[in-house]
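In what follows, a single structure is set out as C-alpha cells and then discussed.
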Amino acid sequence: MGFDRLVAAEGDGGSVVQFLVQGISTGMIYALIGIGFVLVYRCVGLFNFAHTESYMLGALATFTVATAWGLPYWLAILVAATFTTVVGIASEFVAFRRLILARSPQVNLIIASIALATILRALALLVWGPDAQPVKGYEAMVSLGSVAVSGQHALIALAALCSIVLVYWLLYGTRLGVALRAVADNRVVAGLLGVDVRVTLPFAFGLAGLLGGIAGALVAPIFFPQFRMGQAVLVKAFAAGVIGGLESVPGAIAGGLLIGVIESIAGGYVSSAYKDLLAFALLMVVLVVRPGGIFGGRQSEKV
Amino acid sequence: MALALIAVGPWAARAIGWRVGYLVQVYSLVPIWITACLSLTVVTGYVGQVSVGQSALMGIGAYTSALLCRSGLPVTFAVICAIAASVVGALVLGLPTLRLRGPYFVVTSLAFNGIFYELVTNWISVTGGPSGVSNVPSYGGFVGGYVPWFFAATLTLGVWALGETRLGKSMMAVRDDEMAANAIGLRVVPIKSLAFVFSGMIAGLAGVLMVHLVGFISPDFFTVDQSLLVLTMVLLGGVRRVEGAVLGAILMVLVQEAFRRFAEVQLLFYGLTMLVVILFFPRGIISLFERR
C-alpha cells in the first residue's frame with residue numbers, strides 16, 4: 001500500500017505542450033507542499049511527516065463540501081484551506097510544542113510527526129472510508145496557442161502561483177512573517193530580541209497546513225481523494241525539497257517543478273508504471289551525490 | 001516465570017485442544033515480532049535512525065527464502081541467501097544516510113517499503129502477485145513452535161551483548177552526537193554501515209521465520225502499516241534496550257488479539273500509542289521500571 005497510483009485523469013496522450021502543462025501543474029502542487037516542509041524545517045529543524053496529511057485532508061474536505069454538500073468548488077477550496085490551517089495549528093499544539101520547548105532530540109520530534117501522520121490518516125479512514133471519492137472541478141478546456149489543455153491543470157498552476165505570492169507577502173510583508181524568518185535564522189537570538197516562539201510556531205504550522213490544504217483542494221478533481229494520498233505524495237514532495245536543499249523556499253519551488261515535469265514527460269513517453277520509482281531513484285541519486293541539493297552549496301554534513 | 005510459560009505454552013494449548021492451530025499461531029508469532037523489533041533496536045535505538053521500512057527488509061528475506069525453497073534448493077541454502085539479500089537491502093537503504101542525519105532515512109525507508117510492496121504485487125510471474133506464495137515448507141508441529149523462540153532468545157542475548165561491546169557503545173555515541181563521535185576518532189561511516197548490516201540480518205531472519213512458520217506469504221504481510229506496527233512495538237517497550245523490544249512485542253500482540261474485531265481502529269491505536277509514548281515517556285514502558 002501507500003503508493004497506489006491515484007493518477008486518474010491523465011490526458012489522452014498527445015503533445016509535449018500538454019505533458020509540460022500537466023507537469024508544471026503537478027510540479028506546482030509538489031512545490032506548495034514542499035514550501036510547507038521548508039517553513040517548518042527552517043523554524044524548528046523538524047521535518048514534519050504529518051504535513052502531507054494536510055494535503056490529504058484538504059482534498060477530502062473538498063469532496064465533502066463540493067460533492068456531498070453540493071456547494072460550489074471555489075467555496076470548497078476556501079473551506080478546505082481553513083480546515084487544514086486549523087489542523088496545522090492544532091497539531092503544533094498537541095504533538096510538537098511540548099517537545100520543541102523541552103528541546104527534545106530530533107529523533108523524538110520525527111517520531112511524534114510519524115505518530116501524528118498515522119493518527120490523521122487513521123481518522124480520515126474512519127470518517128471518509130477507504131474508497132476514492134469523486135470531485136467535480138473546472139472541466140472546460142483552455143486553449144493555449146494552438147493546443148487545448150485541461151482547464152483544471154491551468155487552474156492549478158494559476159492558483160498555486162497566487163498562493164506562492166501570498167506566502168511571500170506573509171513572510172516579507174507582515175510583522176509575523178518577519179518574526180518567523182527571524183526564528184528560522186536563529187531561534188535563540190530571535191527569542192532574546194523578544195520574538196515569542198509560542199506565536200511564531202503556530203503561525204509556521206498553520207501556514208504549512210494552509211498550503212497543504214490548498215494543494216489538496218486543487219488536485220481533488222484530478223486525483224480522486226483518498227485517505228492514503230498524503231503518504232503517497234510524501235516521497236515526491238520530499239524529493240522536491242531535497243533537490244532544493246530543504247532550507248530554501250525558491251529551492252522547493254524549483255525542485256517541485258523539476259520533479260513534476262520529469263515525471264509527466266517520463267510517464268507520457270516511457271511508462272506511467274515507473275513514475276513512483278522515478279521519484280525514488282532521483283531522491284537517492286541526489287542524496288548520494290549532492291546531499292546539499294542541486295542548488296545548495298557543498299554541504300555534505302548536516303549534523 | 002516467562003521461561004516457564006514459553007516451555008509450557010504449546011503443550012498447554014494442545015492439551016486444552018481449544019482452537020489449537022490458531023492459538024499456536026498467535027503464540028509463535030510473538031518471537032517473530034520480537035525479532036523484528038530487535039532489528040529496530042539496533043538501527044533506531046543504538047544508532048538513532050528511525051526506520052519505517054523494516055517490514056520490507058523482512059519481506060525481502062521471506063520472499064527470497066520462499067521462492068528459493070519452492071524451486072527445490074535446500075532450506076539452509078535458501079535461508080542464508082535470504083538473509084544476505086536482506087543485508088544488501090538494508091545497505092542500499094542506508095547508503096544515503098551514511099553521511100546524513102535527520103529526516104532522510106525515514107523518507108528513504110518509507111519509499112523503499114512502498115516500492116517493495118509495488119514490486120511484489122506487480123511482478124506476478126515471479127512473486128505470484130497479490131495472491132502471494134503458498135506451500136512454503138514449514139517447520140510446524142510440536143517442536144516447530146520452539147524454533148522461533150530459540151532464535152528470538154539467541155538474538156535478544158546477541159543484541160544485548162552488542163550493546164555492551166565497544167562497537168555498541170560507539171553506535172550510541174554516534175546516536176547521541178555524531179560530530180562529537182567523529183571528533184574523538186570514531187569512524188562514523190563503518191559504524192553506521194555495520195548497524196545497517198546487523199539490522200538487515202535480524203529483519204531478514206524475522207521474515208524467514210515468519211514465512212516458514214505460516215507456510216504462506218502475500219504482499220499484505222509487508223506493508224508500511226506493518227512497519228509502523230513494529231515501530232510502535234519498539235517505542236512502547238523502550239527503543240534503547242533489548243528488554244523494550246521483548247516487552248513491546250508481547251504487549252502489542254496481546255492488545256492486537258484483544259481488539260482483533262476492531263480492525264479499523266488499529267491504525268489509530270498505533271498512532272496514539274506512539275504519540276503518547278514519545279510525549280510522556282520517550283524511553284518506553286521499560287523506563288518506568290528503571291531505578292533513577
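Just so it is clear, the values below take in all heavy atoms, side chains as well, and ignore hydrogens, waters and symmetry mates. Order of the sequence lines fixes the chain letters, A, B, ..., with proteins taken first and strands second; residue numbering starts at 1 for each chain. Fair warning: this is a prediction, and the values are worked out from it, not measured in the lab.
- Proximity to chain A is absent for every atom of B/Leu119, based on heavy atoms less than 4.5 angstrom apart.
- Aromatic rings of A/Tyr55 and A/Phe223 (six-membered ring for Trp) have centroids beyond the 6.0 Å cut-off, not under it.
- Heavy atoms only, all atoms of each residue included: A/Ile33 and A/Ala237 are closest at CG2-CB, 3.7 Å.
- When the candidates B/Val107, B/Leu267, B/Leu268, B/Leu275 are compared by the number of heavy-atom contacts under 4.5 Å with chain A, B/Val107 comes out ahead.
- Taking the six-membered ring where the residue is Trp, the centroids of A/Phe47 and A/Phe37 are separated by under 6.0 Å.
- Between B/Gly129 and B/Pro219, the shortest heavy-atom contact is O-CD, 3.5 Å.
- Residue A/Phe49 touches chain B through its side chain alone, counting heavy-atom pairs closer than 4.5 Å.
- For chain A, the nearby parts of B/Leu279 are the backbone and the side chain; heavy atoms of each come within less than 4.5 Å.
- A/Arg228 has no carboxylate O lying under 4.0 Å from a charged side-chain N of A/Glu53, or vice versa, which leaves the two without a salt bridge.
- Chain B forms more heavy-atom pairs under 4.5 Å with one residue of A/Leu116, A/Leu125, A/Leu126, A/Leu46 than with any other, namely A/Leu126.
- Atom CZ of B/Arg283 has 12 or fewer neighbouring heavy atoms from other residues, nucleotides or ligands inside a 6.0 Å radius.
- For chain B, the option among A/Thr118, A/Leu123, A/Leu99 with the highest count of heavy-atom pairs below 4.5 Å is A/Thr118.
- Only the side chain of B/Val52 comes within contact range of chain A, judged by heavy atoms closer than 4.5 Å.
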